[in-house]
Every structure is written in structure tokens, then in C-alpha cells.
Amino acid sequence: MKMSKKFKSEEELPDCVISYIFSKLCLKDLVKTSVLSKRWLHEWRSRIDLNFDLHNMFDYNTLQELPQNLPVPLLKTFQSEFATRMDRFMLKHRGDMIRSLRVDFPLGNQHSDVIDKMIFKGIAKGVERIELLFSYQNNSDFEIEPYKFVFELLSLDDSLTYLHLQKCHLVAPINLSGFNNLRTLVLHLVVVKQDLLQGMLSSCIHLVDFTLNDCEFNSDLKIISPKLFNLNIVNCGVEIGREKNIDIFASNLSSIEYSCNGREVHSMNIKADMLSKFSYRGREISQHIGFSGLKNVTTIVFDGLHECISDDIVPHLFSECLQLEDVTFKNCWMICRMKIISPKLRRLSIIDCCYDGMSPYRMSIDALNLSSFEYSGYTRVFSVNAPRLSKVFWNATTREETPFAIHPYESLLYIENLTMIMSTSQVEKLTEILQWLLIISKNFL
């Protein structure tokens, strides 16, 4: 049995214990420790992970008194005080190393001097991660000139591996040598121009994760990156009547996530032979993406398609993407008869797919390797040929009478896990179906 040791004062605490305690304190509380002990007088100045936000910079009581939507004059006051406190902290930082810098507050270009000095000091001390999150969502009347992020600030850096820029204005780079070791780049609420994008990607030779979140594209995009592994283009938009294209050339790319909030979507030309996962949320896809570029994909998710997927999309998908193992249709229009044929499909999810309350009357599934099936919808008749099906999740509350539309064919006799959501009025009917299934399975076995 280990014996616990009691310490008479903070002076006896091991350095590793003190370091751990300090790492859990926010910046304002960390500074307060300097008055508790002479030993701790300068400890706060060596913090290696610096997180500047409201909760770290201001007292709890002050924050409790603030309204949820700060009036513009009060917000400007907090801006000035926030920038001043952040600047003072960075001036007094005496540590040899800074591992991460994070600023989560709506600062703008008027605070560029403070922000630039913070970045420059972080770079000088080997910073690995920088997050500049300058968006403010709670007050639509609050508009400030975005901070101008000058890439030359990173020209002397070779340690940065993660960069997240939100609500910044990207200044065309002259020297991007500081991107040599960057592995993750996130741009959020940023205007992205093709020449700037091309310069960044050509300099980020080790980039593996790239995200464009709610960004504005003024032209077609061409993404060329031989080592890129994950690509996310999410919450984007296309003006009505203005067709925009995205060309992707990435030989090592494994995953793409795309989502568009408006009625229009981008046309995409994908050249990525290693692509295995594709997630797409948008109103249309058939005229904008060729499935031949997805021929090696094993996992695919379609969400919110406003064109009938059972007519054209599903037949082309399963005839051209022969490696598919995991397929999900969610909130898609599905009206006509649906037929799925796939020898390699293992997991299939069809969730809330209908049109104006109507779903296909009949759905046929022929998948010899299918092991898991999830369904929520109104389809009345199912034809299933899936001898290895062992797991079923069924939302029966969408059906008024019969809770289970799949008849107890021999292909369903090996189900090991059946999960259902149903109303009390459906229990009796389900009991009859399960008893019938049990009898058939005993006779079959």
C-alpha cells in the first residue's frame, strides 16, 4: 500500500506538481498566484500554452453582469481592455518556450500592433500552434476592419504545425518559408483568392489537413497538394446563376467533406485515386460531380439532396463506385422505387428520406455482405437479400400500422441485434412478427 506524503507548505511541492496545477489555471488566476508565494512570483510568466479569451482575461463577476449581446460601445471598451491586457501579459512572458497561442475575441486591424507582437514573440519561442479567432456572432451591428494577417510574420518559423485563422484578411504573401512544417490549416470566414491559395498550398509541402469553413470564393478554385490527406470545404455558398468550379488534384487524399448552405452548389472535378471517404451535403449532385472520380471510395454520405436519388443517383453510384462498403442517405428526396445492388456493401443507413411526406412504396436491397442496416422512413414493402445481415436499427414510429416492413425472409434469420423505436400501439403487431420469425428460424436451422 502506498503511503501518502503531507506537505507543510507550497515550498515543499515538487516542480512537476506545481507545473501541473498551473497548467490547469486560466491566465487571470495564474497571475494571482504570484502574491501567494515568493517561489511563484514569476512562475506565471513561463506558461507555454497561452489562451486569451473573455473567461481567461476578465473576472467571473464582471462576466456575469454582462448582457448576452454586448452593446457596441461596451464591446469596444472591452476590445481596448482585452488588447491591453494581452499585450501586458506577452511583454512579461519570460519563458524560453511557447507551445500554443490562442486568441478568441473580436479583435480587428486596429489592434494589429498587439497581435503582430504576440505572433512574433511566439515564433521566436518555437510556437507550434496558432489560433486567431476574431469572429463575433452575437451582435450583427458590430463591424470592424478584419485583422490583416501578413504571412511574412512566419518567414523565420520552422516549428508551426497548426494554423487556424478566423475573420482575417489574408495579405498576399511574398515569403512563405514559415509554412514548411505546417500540417493543419483552417481558414474560417475568410475571403480566399486562387493566387493566394495556390501560393499557400505550394509552400505547405507537408500539409495533411486543410479546412475552408464558411469562406468566400471570388473565383474557381484549384486545389493541388500531393500530400494532402483530409480536405473539408464546408458551409460554403454559390450565388444564384453564377456557376463555380472546384478542381481537386491530390494523389494522397483520403477524405473529402463538402457542404453548401444555398440553393446552388459547386461543380467538382476530383482526381484523387486514394480517396476512400466522401461526405456531401447540398441540394444537387448529379450534374455537378462525376462518380467516376469516386471509384475507389468505400464510405459515402449524402445529406439533404433535393433531387430524387432513386431515379438516377443510386444506380450510377453503385455501378461506378464498386468499392463501397458504408453508405448513408440522410434527408434526401426519395420518391420512386428504390433498388440497391452491391456485392461489397456492409453498412447501409437510410434516414428520413422522402418527398412531401411520400417515400418509395417498395425498396429492394441485394447485398450479399450487408451486415448492418439502419432505416427511418415510410416505405411499406421491402425486399431484402442479405444473408449476412446481423444488426438492424429501425425507427418504426414513422409507420402507422406495421412496425416492421421487412418480412421474415430466410436472409433475416441471422439477425443478432435488433433495435427499434416504436409506439405502444405497434408492440402487439411486432410481437406476432417476431414469433413468426422465431418459428421459421427454428425450422430452417
Give me the ring orientation class for Phe89 and Phe52: parallel if the planes are under 30° apart, tilted from 30 to 60°, perpendicular past 60°. perpendicular

Shortest non-hydrogen contact from Met268 to Ile256? CE-CG2, 4.5 Å

Applied to residues 321-346, the ring-ring contact (aromatic ring centres under 6.0 Å, His included) test, sequence neighbours excluded, yields His306-Trp333, Trp333-Tyr355

Do any N or O atoms from the side chain of Ser203 and from the backbone of Met200 form a donor-acceptor pair under 3.5 angstrom? no

If a pair satisfies salt bridge (Lys or Arg N to Asp or Glu O under 4.0 Å) and one of its residues is in residues 219-229, list it, with sequence neighbours excluded. none

Check whether Thr298 reaches the backbone of Gln323 with its side chain - one donor and one acceptor, N or O, closer than 3.5 Å. no

Between Ser371 (side chain only) and Arg346 (backbone N and O only), is there a donor and an acceptor less than 3.5 Å apart? yes

Spacing of OG belonging to Ser259 relative to CZ belonging to Arg281, to within rounding of 0.5 Å: 4.0 Å

Between Ser342 and Ala367 (side chain of the first, backbone of the second, donor and acceptor by atom type, cut-off under 3.5 Å), is there such a pair? no

Shortest non-hydrogen separation from Ala272 to Ala250 and the atoms involved: CB-O, 3.3 Å

Does Pro106 offer a backbone N or O that forms a donor-acceptor pair with the side chain of Gln79 under 3.5 Å? yes

Which residues pass the ring-ring contact (aromatic ring centres under 6.0 Å, His included) test with Phe134, sequence neighbours left out? Tyr147

Only one of Asn395, Ile350, Ile351 passes side-chain contact (heavy atoms from CB on, under 4.5 Å) with Tyr375, and that residue is Ile350

Going through the checks in order, is the side chain to side chain contact (heavy atoms under 4.5 Å, CB included) test met by Lys125 and His93? CA-CA 11 Å; Lys125 296 189 177 186; His93 190 276; 3.0 Å; yes

Can Leu91 and Asp87 be said to form a side chain to side chain contact (heavy atoms under 4.5 Å, CB included), step by step? CA-CA 6 Å; Leu91 287 173; Asp87 192 36; 4.1 Å; yes

I'd like to check the salt bridge (Lys or Arg N to Asp or Glu O under 4.0 Å) partners of Arg99; sequence neighbours left out, ordered by chain and number. Asp49

Taking atom NZ as the centre, does Lys117 end up with more than 12 heavy-atom neighbours from other residues, nucleotides or ligands that are less than 6.0 angstrom away? yes

Spatial distance of atom CG (Asn213) from atom NE2 (His164) [nearest 0.5 Å]: 7.0 Å

How long is the span from the CG atom in Leu187 to the CD1 atom in Ile233, to the nearest 0.5 Å? 11.0 Å

Report the distance from atom CG of Leu101 to atom CG of Leu132, rounding to the nearest 0.5 Å. 8.0 Å

Contacts of Asp214 meeting side chain to side chain donor-acceptor pair (under 3.5 Å) (sequence neighbours excluded), chain-then-number -> none

Report the residues that fulfil side chain to side chain contact (heavy atoms under 4.5 Å, CB included) with Phe229, sequence neighbours left out, ordered by chain and then residue number. Val208, Asn252, Ser254

Could you tell me whether the side chain of Gln166 and the main chain of Ser135 form a donor-acceptor pair under 3.5 Å? yes

Nearest 0.5 angstrom please: Leu345 CG to Asp366 CG, how far? 10.5 Å

Quick check for you: to the nearest 0.5 Å, what is the distance between His169 atom NE2 and Ser112 atom OG? 12.5 Å

Taking every non-hydrogen atom, the tightest pair across Gln194 and Ser219: CB-OG, 3.9 Å

Run the ring-ring contact (aromatic ring centres under 6.0 Å, His included) test against Phe82 and tell me which residues pass, sequence neighbours left out. Phe105

Under the rule for side chain to side chain donor-acceptor pair (under 3.5 Å), what residues qualify as partners of Asn269, not counting sequence neighbours? none

Checking Leu231 against Tyr258 for the side chain to side chain contact (heavy atoms under 4.5 Å, CB included) test, could you report, in this order, the C-alpha distance in whole Å, the side-chain angles of both residues, the deciding distance, and whether it holds? CA-CA 9 Å; Leu231 174 63; Tyr258 174 87; over 6 Å; no

Quick one: list whatever passes side chain to side chain donor-acceptor pair (under 3.5 Å) with Asp113, sequence neighbours left out. none

Shortest non-hydrogen separation from Val171 to Phe151 and the atoms involved: O-CD1, 3.3 Å

Quick one: ring-ring contact (aromatic ring centres under 6.0 Å, His included) pairs with a partner in residues 197-226, sequence neighbours left out? Phe217-His266

Between the side chain of Asn232 and the main-chain N/O of Val234, is any donor-acceptor distance below 3.5 Å? no

Heavy-atom closest pair, residues Val238 and Val265: CG2-C, 3.9 Å

Across all chains, not counting sequence neighbours, the side chain to side chain contact (heavy atoms under 4.5 Å, CB included) partners of Ser279 are Glu257, Val301

Working note: Ile223 + Leu197, criterion side chain to side chain contact (heavy atoms under 4.5 Å, CB included); need CA distance, chi angles, decisive distance, verdict. CA-CA 8 Å; Ile223 297 175; Leu197 178 64; 4.1 Å; yes

Please answer whether the main-chain N or O of Thr77 pairs with a side-chain N or O of Ser80 as donor and acceptor at a distance below 3.5 Å. no

Consider only side-chain N and O atoms of Asp209 and Thr211, and report whether a donor and an acceptor are under 3.5 Å apart. no

Is it the case that more than 12 heavy atoms not belonging to Gln110 sit under 6.0 Å from its CD atom? yes

For residues 320-329, the salt bridge (Lys or Arg N to Asp or Glu O under 4.0 Å) pairs (sequence neighbours left out) are Asp326-Arg347

Give me the atom names and distance for the closest heavy-atom approach of Asp273 to Asn296. O-ND2, 2.9 Å

